[in-house]
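Everything on this sheet refers to the single structure shown next.
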Amino acid sequence: MKSPAQTRVARPVPAAADPYFRIALIAVGGVTLLRLLWLAGRPIDLYPDEAQYWIWAQHLDWGYYSKPPFVAWMIAATTAQFGENDLAIKIGATITYIGTSLVVFAIAARLYDRRVAAWCAIAFITLPGVSASALIISTDVPLLFFWAVATYGFIRAREDGASPAWWLLVGAACGFGTLSKYFMLFWLAVALLHLLLWRVERRHLGRFGLAVIAAFAVYMPNILWNWAHDFASYRHTGSNADFHGFALHPLSLVEFLISQFGVFGPVFFAALLWLAVQALRGRVDRRSGLLLLLSAPFVVIFSVQALLSRAQPNWIAPAYVAGTVLVVGWLYEQKREAWVQWSVVLHIVAAILILGARDIIRITGITEIAGYKIPDPLHRLRGWATLGRSLSEIRNQHAELPLLGDDRELMSGLIYYMQPHPFDMQIWNPAQHVRNGFEMDQSLPDTPGGDYLWITNRADPSEIADRFESHEQVAHVLVPTGGGSLREAWVYVLRGFKGYPHATAPADGSTTAPAAAG
């Protein structure tokens, strides 16, 4: 890596009266307003993960089975303010991205100039991945905000004469970021690596230790929660790697890389890859080196995971905070401003086509192109409310029976959308595994004799129904979700629970469990 020829003078963050800041604020606010208006029309329902986070928000804690607690805290705050409805649950995501975009502006203003900063904020708020994430409350939402705050604090803390308070801000942001998603720990590792790689930066190692201490002080309650709950969140996070032997999955790698052209945008992702290659050849200064360390390594890490197992497109999302500043700043330095501007236009058009696909199909009447049926990209986010209302009516006809489920996603959606909310719904768990929050807290006990109203998405009920003296199907609910897809559920009255199937001990001394008990 090459060092800059001389020390750069840090540019102050523009005041609110600065025209470029006003442009960024108007653009970010305008995009956010359009998203809120779209959500207010209730074109999509809560995804099961969102519903589960809402369930967590009904009993606030320092941790939950699969995630740290911050997303539940956000939902508790927004629903307390705006009521119990889909928009109130989702609004935290949409609003938070205003803050994240403005912190991105501040980062770019410090490292480049005000014009670049304005385009960084505009580019970030319109990224395809952000357009999707801003409509779904998830752990990525607070993670990206605190990731951006930690990055800005790190830039300010390393400036000559900077107050130690900036290091405390870095630590607090990392602590709250880790309370949002454990991925935040990568930020600390990358920041430490940056300090070690550049000799002139090593003078900051002592104060960086102060930031680490502050981070773990903020995060400590979740450590204690995990200690008290058999490290449930940590074990779940580790299981997400899903490594099985050393088999390679090249198709999974290709799919992951293609998805990143969609998440970050084709021009931006290609530029990021190009800059990463240039970094390997030593053609990078400290400013770009920091931004590259906070973005490019995660492309490599999760590409390897995709090759060995699987990787979800959103797992790399924090990389695009620094990645946006790096790519937009580089394109402007290369006199490629038009590439940034046309990328923003492309991203906006793509968002309109995806979010409005169903309405466009309805208005134009065009359902096929070249013989291929046009899919509804949002079909997985539709149909849950209708399903919940239908099942509420069926449940009222069997109000004396407790509810039983066997699928985490289905149970999450039903507990939110059924009225009254069946918070006491139990889950079928014959092996007594703990693979989700319901199995940790609401597993059906192995106590024979009970009767239940079972709601399932299994077409074949025999595995569970055979463990009861009698069973009767009372409903089969079908909900079209668009693009030829259906959301469906079967409802059974189960009477006379015989207990879970138990292992038998054959003559050879081995232990086996029957595939289905009679």
Taking the six-membered ring for Trp, is the centroid-to-centroid distance between F183 and W147 below 6.0 Å? yes
Would you confirm whether H347, through its side chain, and S343, through its main-chain N or O, come within 3.5 Å as a donor-acceptor pair? yes
Could you check whether atom OH of Y234 has more than 12 heavy atoms from other residues, nucleotides or ligands sitting under 6.0 Å from it? yes
Which of W56, Y53, F438 passes ring-ring contact (aromatic ring centres under 6.0 Å, His included) with Y64? Answer is W56
Is F154 close to H194 at the side-chain level, that is, under 4.5 Å between some pair of heavy atoms? yes
Among W225, F70, W73, exactly one meets ring-ring contact (aromatic ring centres under 6.0 Å, His included) together with W62. Which residue is that? W73
With distance as the sole test, does T78 use its side chain to make a donor-acceptor pair with the main-chain N or O of A88 at under 3.5 Å? yes
Within the side chain of R487, is there an N or O that forms a donor-acceptor pair under 3.5 Å with the backbone of R380? yes
Over 60° means perpendicular and under 30° means parallel, so tell me whether F146 and F176 are parallel, tilted or perpendicular. parallel
Stepwise side chain to side chain donor-acceptor pair (under 3.5 Å) test for T151 and W187: CA-CA 9 Å; T151 302; W187 190 97; 3.1 Å; yes
NZ of K181 to CG of D140: how many Å apart, nearest 0.5 Å? 3.5 Å
Are side-chain heavy atoms of D45 and Y416 found at a separation under 4.5 Å? no
Evaluate the criterion side chain to side chain contact (heavy atoms under 4.5 Å, CB included) for residue pair V130 and T126; output intermediate values, then yes/no. CA-CA 7 Å; V130 171; T126 57; over 6 Å; no
Got L135 and W38 here, is their nearest side-chain heavy-atom distance under 4.5 Å? yes
For Y332 and R115, what are the C-alpha separation, side-chain angles and deciding distance, and is it a side chain to side chain contact (heavy atoms under 4.5 Å, CB included)? CA-CA 9 Å; Y332 264 78; R115 187 183 181 202; 3.9 Å; yes
Side-chain heavy atoms of V71 within contact of S138, under 4.5 Å: no
Non-hydrogen side-chain atoms of S133 and L144 separated by less than 4.5 Å: no
Could you tell me which non-hydrogen atom of A57 sits nearest to which non-hydrogen atom of A76, and how far apart they are? CB-N, 3.9 Å
Correct closest heavy-atom pair for A173 and V149 would be CB-CG1, 3.8 Å
Side chain to side chain contact (heavy atoms under 4.5 Å, CB included), that's the test. Do K67 and Y182 meet it? Break it down for me. CA-CA 8 Å; K67 298 289 188 295; Y182 298 132; over 6 Å; no
Starting at CD1 of I427, measure out to CG of D441 and round the result to the nearest 0.5 Å. 11.0 Å
With a 4.5 Å limit on heavy-atom distance, are the side chains of I155 and L290 in contact? yes
Closest approach of F264 and L127, non-hydrogen atoms and distance? O-CD2, 3.6 Å
Is W119 close to Y20 at the side-chain level, that is, under 4.5 Å between some pair of heavy atoms? no
Over all heavy atoms of both residues, which pair between V218 and A172 is shortest? Give the atoms and the distance, please. CG2-CA, 4.2 Å
Distance check, rounded to the nearest 0.5 Å: L251 atom CG versus L307 atom CG? 11.0 Å
Do other residues, nucleotides or ligands put more than 12 heavy atoms under 6.0 Å from the CZ atom of F261? yes
E201 (side chain) donor-acceptor with L196 (main chain) under 3.5 angstrom: no
Residues V328, F124; criterion side chain to side chain contact (heavy atoms under 4.5 Å, CB included); working and verdict: CA-CA 10 Å; V328 173; F124 181 81; over 6 Å; no
Do side-chain atoms of S180 reach the backbone of T139 as a donor and acceptor pair under 3.5 angstrom? no
For the side chain of N222 and the backbone of L179, is there at least one donor-acceptor N/O pair under 3.5 Å apart? no
Rounded distance (nearest 0.5 Å) linking atom NE2 of H229 with atom CZ of R235: 11.5 Å
Less than 4.5 Å apart, any side-chain heavy atom of T178 and any of P68? no
Any donor and acceptor pair, going by atom type alone, linking the side chain of D230 with main-chain N or O of A232 inside 3.5 Å? no
So, taking the atom named CZ in R286 and the one named CG in L111, what distance separates them when rounded to the nearest 0.5 Å? 11.5 Å
I'd like to know if the side chain of S309 reaches the main chain of Q305, judged simply by a donor and an acceptor atom lying under 3.5 Å from each other, with no hydrogens or angles considered. no
Around R435, counting heavy atoms of other residues, nucleotides and ligands shown, do more than 12 lie under 6.0 Å from its CZ? yes
T32 OG1 to L37 CG distance, which is reported to the nearest 0.5 Å: 11.0 Å
Can you name the closest pair of heavy atoms from P128 and G262 and give their distance? CB-O, 2.8 Å
Kindly say whether the aromatic ring centers of Y320 and F268 come within a distance under 6.0 Å. no
Closest heavy-atom pair and its distance - E333, R287: OE2-NH2, 2.7 Å
Taking the side chain from R114 and the backbone from A109, do they hold a donor-acceptor pair closer than 3.5 Å? no
Checking R35 against S131: is there a side-chain donor and acceptor pair closer than 3.5 Å? yes
Between R408 and D49, is a salt bridge (Lys or Arg N to Asp or Glu O under 4.0 Å) present by the stated rule, with each step listed? CA-CA 9 Å; R408 178 192 69 84; D49 284 352; 3.0 Å; yes
